[in-house]
Amino acid sequence: MSRSPAPSAVPSSRTHGMISVEDHQERILGAAAPLPAVRIPLHDAFGLVLAEDVRRRWALPLFDNSAMDGYAVRRADAVDGARLRVVADLPAGSSDEPALGPGEAARIMTGAPVPADADAVVPLEETEEGTAVSSTPPSHVTVQRQPRPGAHIRRAGEDAAVDSVAVTAGTLLGPWHLSAIASAGHAHIAVHPRPRVAVISTGSELVSPDAEPLRGQIPESNSVHLAAAVREAGADVVFAAIVPDDEAALRRTLESIEADAVILSGGASVGSFDVVKAVLNGMGGVRFDAVAVRPGKPQGFGPLDDGTLAFCLPGNPVAAAVSFELFVRPALRALAGSPQARRPHRTAVAGSAWHSPRHRVQVLPAVLDGDTAHPVPRHAASAPGTPTLAGTDALIVVPAGVEEVHGGDAVTVLPLGGGALR
Ligand SMILES: Nc1nc2c(c(=O)[nH]1)N[C@H]1C(S)=C(S)[C@@H](COP(=O)(O)OP(=O)(O)OC[C@H]3O[C@@H](n4cnc5c(N)ncnc54)[C@H](O)[C@@H]3O)O[C@H]1N2
Ligand code: MOO
């Protein structure tokens, strides 16, 4: 890959009339503070970000308990071949605390509290009576092998101390975290709520995918893509609409929305019918910039007067999709309280050669095959095996200043997907 020196990053500096991708991302992330925490039932918390440390209400395990089905014994008496009298039966959940005298044992099941007089558990398999199932314990049990001190007893507090932190604030909650929180004694927790997102596609040429498009009309796809991407990012779509190129209609639609973020696509450029720019430029803190990225150059962003973050993306479907990944998704994750708002990137090998624009970051939809990234051809042929936009599972990001990528070059990729956060 031929590289020319990267231009130094001066915040909001303009090179060739454009601001850098990083400057635009920083401006957006600077405005996207975590939404205020709410308390919700643990069962509803999967995929949300924990807002405060969760501490254990008790030590774990709660009490000395048996790790095996067997017999709780006084080890000194339980020598090889000893015949012990069974004086109690302790299933899990038993609150009994039987005393064990010399030569006595209690049948005990896994998880049941170990009597204070016992100092080891002999598993069923190490007794003459063995594992034959019976509802009542035998009157006596014969120990085959003397247990080690403390054998098969899980001691109170050996896993975790009372008041220790079970799960830390900022954690994206998955099944393992949630069960740890339940074990720590909490049925309700403080989380950042899912961001509420409105999606608006603008353009008088847009028609429903099941319509027969007349000349000049095209099937509307951005709202479908963006709504799914919003959900995949762990946010809720609270509103979706197609609005024609009509300033009054767009204003009315915006006024009706209650959301944390609104994503508009189309009409962001300089054309005569670019109503999004006409309506939103200067509304609240919204500003339009040319960002040094292809595709995705025309971008509008800023808070509306009520604080809703407005993202105005270019209408071209690939540009809108790329813009979502670069600029919207990190903001939604930040609103959701995630400390890792950006997707992790990695290095892959370019599967072919292509040109890249000199002064802009290039972002190419790609299909990953192991370590090789195959850019989706602009005019994807339908030959079997050819990567297509529908199969996109990563974006290749080529920095500004690189004009040629050769097959075999190392390239940066952002793998997409990887599990929906809901
Ligand atoms: N004179 C200039 N013209 C353009 C410039 C420029 O700098 N000067 N920038 C170009 C770039 S770069 C882009 S990207 C586009 C983006 O412009 P808009 O945001 O105004 O997008 P539209 O014109 O509304 O739409 C572009 C294209 O995408 C189709 N589209 C729009 N919305 C949808 C949708 N929801 N579903 C499917 N397809 C959609 C639309 O029909 C157009 O074909 O501007 C360049 N022009
Ligand atoms: O932003 Mo445009 O072509 O660069 O998509």
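Each ligand, and each atom within it, is numbered from 1 in the order the structure gives. The basis for the numbers below is simple: all heavy atoms, side chains too, and nothing from hydrogens, waters or symmetry mates. Sequential numbering from 1 along the given sequence is applied to the chain's residues.
At a cut-off of 3.5 Å, with distance as the only test, a side-chain donor of Ser323 or Gln299 sits close to an acceptor on the other residue. For the residue pair Gln362 and Trp354, a side-chain donor N or O sits within less than 3.5 Å of a side-chain acceptor on the partner. Under the 3.5 Å distance criterion, with hydrogens and angles disregarded, no donor-acceptor pair is assigned to the side chains of Thr168 and Asp53. His355 and Glu403 form no side-chain donor-acceptor contact under 3.5 Å, judged by distance and modelled atom types alone.
At a heavy-atom distance under 4.0 Å, no atom of Pro314 approaches ligand 2.
In terms of protein heavy-atom proximity, atom 1 (O) of ligand 2 is nearest to Gly296 N, 2.4 Å. Nearest to atom 5 (O) of ligand 2 among the protein's heavy atoms is Pro295 CB, 3.0 Å. Protein heavy atom at the shortest distance from atom 10 (C) of ligand 1 is Ser269 OG, 4.2 Å. Closest protein heavy atom to atom 25 (O) of ligand 1: Gly315 CA, 3.8 Å.
Annotation: Ser223 places no N or O atom under 3.5 Å from an N or O atom of ligand 1; distance criterion only. Geometrically, ligand 1 and Glu220 share a nitrogen or oxygen pair separated by less than 3.5 Å. Distances between N or O atoms of Arg294 and those of ligand 2 include no value under 3.5 Å. Polar contact with ligand 2: present for Arg360 (N/O pair, distance under 3.5 Å). For the pair Ala319 and ligand 1, the shortest N or O to N or O distance does not fall below 3.5 Å. Taking any N or O of Pro317, backbone or side chain, none lies under 3.5 Å from an N or O belonging to ligand 1.
Without hydrogens or angle criteria, Arg39 side chain to His188 main chain gives a donor-acceptor distance under 3.5 Å. In terms of modelled atom types and a separation under 3.5 Å, the side chain of Asn222 and the main chain of Ser201 share no donor-acceptor contact.
Using a non-hydrogen distance threshold of 4.0 Å, Cys312 does not register as a contact of ligand 1. For the ligand labelled ligand 2, residue Pro298 lies inside the 4.0 Å heavy-atom shell. At least one heavy atom of Gly267 sits less than 4.0 Å from an atom of ligand 1. Remark: distances from the non-hydrogen atoms of Ser221 to ligand 1 include one below 4.0 Å.
Of the listed residues (Thr412, Val413, Leu414), just one forms a side-chain contact (heavy atoms from CB on, under 4.5 Å) with Arg346, and that residue is Val413.
Shown in contact with Gly266 at under 4.0 Å from a heavy atom are these atoms of ligand 1, numbered in order with element: 19 (O), 21 (O), 24 (O). When each atom of ligand 1 is checked for a heavy atom of Pro219 under 4.0 Å away, the hits are 37 (C). Residue contact check: Pro314 has heavy atoms under 4.0 Å from atoms 14 (S), 16 (C), 19 (O) of ligand 1. Per-residue contacts place Asp274 under 4.0 angstrom from the following atoms of ligand 1 (heavy atoms of the residue considered): 20 (O). Here is the list of ligand 1 atoms found below 4.0 Å of a heavy atom in Ser201: 35 (N). Less than 4.0 angstrom separates some heavy atom of Ala268 from each of these atoms of ligand 1: 18 (P), 19 (O), 20 (O). Those atoms of ligand 1 that come under 4.0 Å of a heavy atom in Lys297, given as number and element, are 7 (O).
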Inset, instruction - Just do the side-chain contact (heavy atoms from CB on, under 4.5 Å) check on Glu125 and Gln144 with the steps written out, would you? - result: CA-CA 9 Å; Glu125 294 85 339; Gln144 291 174 332; over 6 Å; no
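By the 4.0 Å N-to-carboxylate-O rule, Asp289 lies close enough to Arg14 to be salt-bridged with it. In this structure, Arg251 pairs ionically with Glu247, as a charged nitrogen and a carboxylate oxygen lie closer than 4.0 Å.
The 12-atom threshold is not exceeded at CD of Glu97, counting heavy atoms of other residues, nucleotides or ligands nearer than 6.0 Å. Around the CZ atom of Arg75, the shell of radius 6.0 Å holds more than 12 heavy atoms that belong to other residues, nucleotides or ligands.
Residues Val49 and Thr171 form no side-chain contact, since every pair of their non-hydrogen atoms from C-beta on lies 4.5 Å or further apart.
Rounded to the nearest 0.5 angstrom, Asp393 CG and His374 NE2 are separated by 10.5 Å.
When distances from atom 1 (N) of ligand 1 to the protein are checked, a heavy atom turns up under 4.0 Å.
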